Amino acid sequence: MLNPATIVLKNGKDHSLRRRHPWVFSGAIARVLGEPREGEPVRVEASNGELLGVGHFSSGGSIAVRMLDFGPEAELPTAKYWEGKLGNAYRLRQRLALTGTADTNVFRLVHAEGDGLPGLIIDVYGDTAVVQAHSVGMYRARPEIAAALRVVFGDKLRAIYDKSAETVPGNAVPDAQNGYLFGESSGREHIVTENGHQFAVDWETGQKTGFFIDQRDNRELLARYSPGRKVLNTFCYTGGFSVYALEAGAELVHSVDSSKKAIALTERNAELSNHADRHAAYPDDVLGFLKNHSAQYDLLVLDPPAFAKHMGARHAALMGYKRLNMAGIAHLAPGGLLFTFSCSQVVSPELFEGAVLAAAIEAGRPARILHRLTQPADHPVSLFHPEGAYLKGLVLAVE
């Protein structure tokens, strides 16, 4: 691109970019020089003409530019840029001991703003990378991203699957379809390994990119508390917590999810653990299951999908977390453990903890916090973008 458009900010609206926050809001823009297309790289200048950086342009929402690079030396993204960014992300995962190990071959390679690539998620499942673009700019850059992945991984990468149809803004890319950018389907069941546990993963038609990688460390913590306990795993999806509990020696594990497809994968993963005889799965609405069953458990997992995706839904979400935790606490035996989570970005840890506190008060059950939980290191949070911290959890001992 020889003559990129330029976004000029209003006087005094450049402070956040100088602090390397990666979003430019539409209200901060004084004028647009040129006619940028949706998702096109643009220059961003202060009111005095100083170059602040470059980013992907968007006209469809409050975030007008997602920054790719900062400072007066910033240049539009090239093949070298993508290789550098993805190579840096890969080296971090190497330092985290998530690559090249026999025990784990599934990890997040790129966590959007946390890795300096707003709007981009890349998860690695063995020899396949799954790409999700959450912005039009990243969607249009998929060929360059795929080429850079092949350079960074070399012959370790057999395929690259694009899973962006569900995440890219539909009004901007109405014809988006999922498919392989490199390689093709093996035609076989996809089996990955996490901390020595085997899981069947469906990245082609499953939720998200196929597996909830962000609960890896929390699953390992749950395994420490599972031996000899009766465990209920709700919103189980593919049964991650269930498998860890089974292999750690839980007396029994029950898994609940409203999706029959998710339950089928959970049952398959229980089989892979060779402990399916101690497991039962229920395709049911979680609140309905808790209402209609009277069983008591020693350990209970509440890991629902996001209850709020924008600020306007936050109050309703907090009420939902309160009701859900009240129902869960009612099924805990005295001295039981509750693993409870929220992945709603607009719900802060303090607000979530307040909702759980309200649930315990109404349930009339004393409770102590044993752990405050968050996302693992391959889901890093940029110091300049605290909004990237979305997963929060508590482990409670309930009397």
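Since this is a predicted model, take the numbers as computed values, not measurements.
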[atom1] of [X] to [atom2] of [Y]: how many Å apart, nearest 0.5 Å?
| X | Y | atom1 | atom2 | result |
| --- | --- | --- | --- | --- |
| Leu383 | Arg20 | CG | CZ | 11.5 Å |
| Ser344 | Leu391 | OG | CG | 10.5 Å |
| Asn269 | Gln198 | CG | CD | 9.5 Å |
| Glu194 | Phe199 | CD | CZ | 5.5 Å |
| Leu272 | Asn274 | CG | CG | 8.0 Å |

Greater than 12 external heavy atoms within 6.0 Å of [X]'s [atom1]:
| X | atom1 | answer |
| --- | --- | --- |
| Glu166 | CD | yes |
| Asn11 | CG | no |
| Asn292 | CG | yes |
| Lys230 | NZ | no |

Could you tabulate the donor-acceptor pairs under 3.5 Å formed by side-chain atoms of residues 30-39, not counting sequence neighbours?
from, atom 1, to, atom 2, distance (Å)
Arg37, NE, Glu40, OE2, 3.4
Glu38, OE1, Ser59, N, 3.0
Glu38, OE1, Ser59, OG, 2.6
Glu38, OE2, Ser58, OG, 3.0
Glu38, OE2, Ser59, N, 3.3

Distance-only, no hydrogens or angles: does the [X] side chain make a donor-acceptor pair with backbone N or O of [Y] under 3.5 Å?
| X | Y | answer |
| --- | --- | --- |
| His275 | Ala270 | no |
| Ser273 | Glu247 | no |
| Glu73 | Gly53 | no |
| His371 | Leu373 | no |
| Lys13 | Phe25 | no |
| Ser47 | Leu9 | no |
| Thr104 | Asn195 | yes |
| His331 | Leu290 | yes |
| Thr101 | Leu98 | no |
| Asp285 | Ser258 | no |

- Query: What orientation do Trp23 and His385 show, parallel under 30°, tilted 30 to 60°, or perpendicular over 60°?
  - Reply: perpendicular
- Please work out whether the ring planes of Tyr321 and Phe352 are parallel, tilted or perpendicular, with thresholds of 30° and 60°.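 Geometry flag for Phe352 against Tyr321: perpendicular rings.
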Say whether [X] and [Y] are linked into one hydrophobic cluster, either directly or through other cluster members, by side-chain heavy-atom distances under 4.5 angstrom.
| X | Y | result |
| --- | --- | --- |
| Tyr390 | Leu351 | no |
| Val301 | Val286 | no |
| Val243 | Val201 | yes |
| Val168 | Val110 | no |
| Phe384 | Val381 | no |

Are side-chain heavy atoms of [X] and [Y] found at a separation under 4.5 Å?
| X | Y | result |
| --- | --- | --- |
| Arg93 | Asp115 | yes |
| Ile121 | His111 | yes |
| Leu337 | Leu396 | no |
| Val54 | Glu75 | no |
| Leu222 | Asn233 | no |
| Arg140 | His56 | no |
| Ser135 | Pro118 | no |
| Met138 | Val131 | no |

Restricting to side chain to side chain donor-acceptor pair (under 3.5 Å), what partner residues turn up for [X], sequence neighbours left out?
| X | result |
| --- | --- |
| Ser226 | none |
| Tyr90 | none |
| Tyr81 | none |
| Asp303 | Gln215 |

- Query: Which residues satisfy the salt bridge (charged side-chain N to carboxylate O under 4.0 Å, His left out) test with Glu45, sequence neighbours excluded?
  - Reply: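 With neighbours one apart ignored, the set is Arg43.
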- Option passing ring pair (Phe, Tyr, Trp, His ring centres under 6.0 Å) with Phe241 (candidates Phe341, Tyr225, Phe235):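 Exactly one option meets the ring pair (Phe, Tyr, Trp, His ring centres under 6.0 Å) with Phe241, and it is Phe341.
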- Transitive ILVMFWY cluster of Phe212 at side-chain heavy atoms under 4.5 Å: who else is in it? Tyr237
- If you link I, L, V, M, F, W and Y whenever their side-chain heavy atoms are under 4.5 Å apart, who else ends up in the same group as Leu51? none
- Item | Sequence neighbours excluded, every pair satisfying salt bridge (charged side-chain N to carboxylate O under 4.0 Å, His left out) that has a member inside residues 249-270 |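 Every salt bridge (charged side-chain N to carboxylate O under 4.0 Å, His left out) pair that includes a residue of residues 249-270, provided the two are not neighbours, is Glu189-Arg268, Asp202-Lys261, Arg268-Glu271.
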- For residues 376-399, which residue pairs qualify under salt bridge (charged side-chain N to carboxylate O under 4.0 Å, His left out), counting only residues two or more places apart or in two chains? Arg216-Asp378, Arg368-Glu399
- Note on the structure: Hits for side chain to side chain contact (heavy atoms under 4.5 Å, CB included) against Arg18, two or more places apart or cross-chain, chain-then-number order -> Asp14, Ala46, Glu50, Leu52
Output side-chain donor-acceptor pairs under 3.5 Å for residues 142-152, partner residues at least two apart or in another chain, one line each.
from, atom 1, to, atom 2, distance (Å)
Arg142, NE, Tyr139, O, 2.6
Arg142, NH1, Asp162, OD2, 2.6

- Query: Would Phe289 and His254 satisfy ring-ring contact (aromatic ring centres under 6.0 Å, His included), going step by step from the backbone distance to the final call?
  - Reply: CA-CA 11 Å; Phe289 177 90; His254 291 168; 7.5 Å; no
- Item | Residues Ser255 and Ser242: side-chain donor-acceptor under 3.5 angstrom | yes
- Task: Check whether the side chains of Asp123 and Gln132 place a donor and an acceptor atom closer than 3.5 Å, and report yes or no.
- Result: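 No, because no side-chain N or O of Asp123 sits under 3.5 Å from a partner of the opposite role on Gln132.
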- Query: If you measure from the Lys or Arg side-chain nitrogens to the Asp or Glu carboxylate oxygens, is any gap between Arg158 and Asp127 under 4.0 Å?
  - Reply: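 A salt bridge links Arg158 with Asp127.
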- Evaluation steps, side chain to side chain contact (heavy atoms under 4.5 Å, CB included), between Leu287 and Leu324: CA-CA 7 Å; Leu287 282 172; Leu324 177 61; 4.0 Å; yes
- Task: With side chain to side chain contact (heavy atoms under 4.5 Å, CB included) as the test, would you mind laying out the steps for Lys322 and Glu362 before giving the verdict?
- Result: CA-CA 9 Å; Lys322 177 184 172 182; Glu362 289 213 19; 2.5 Å; yes
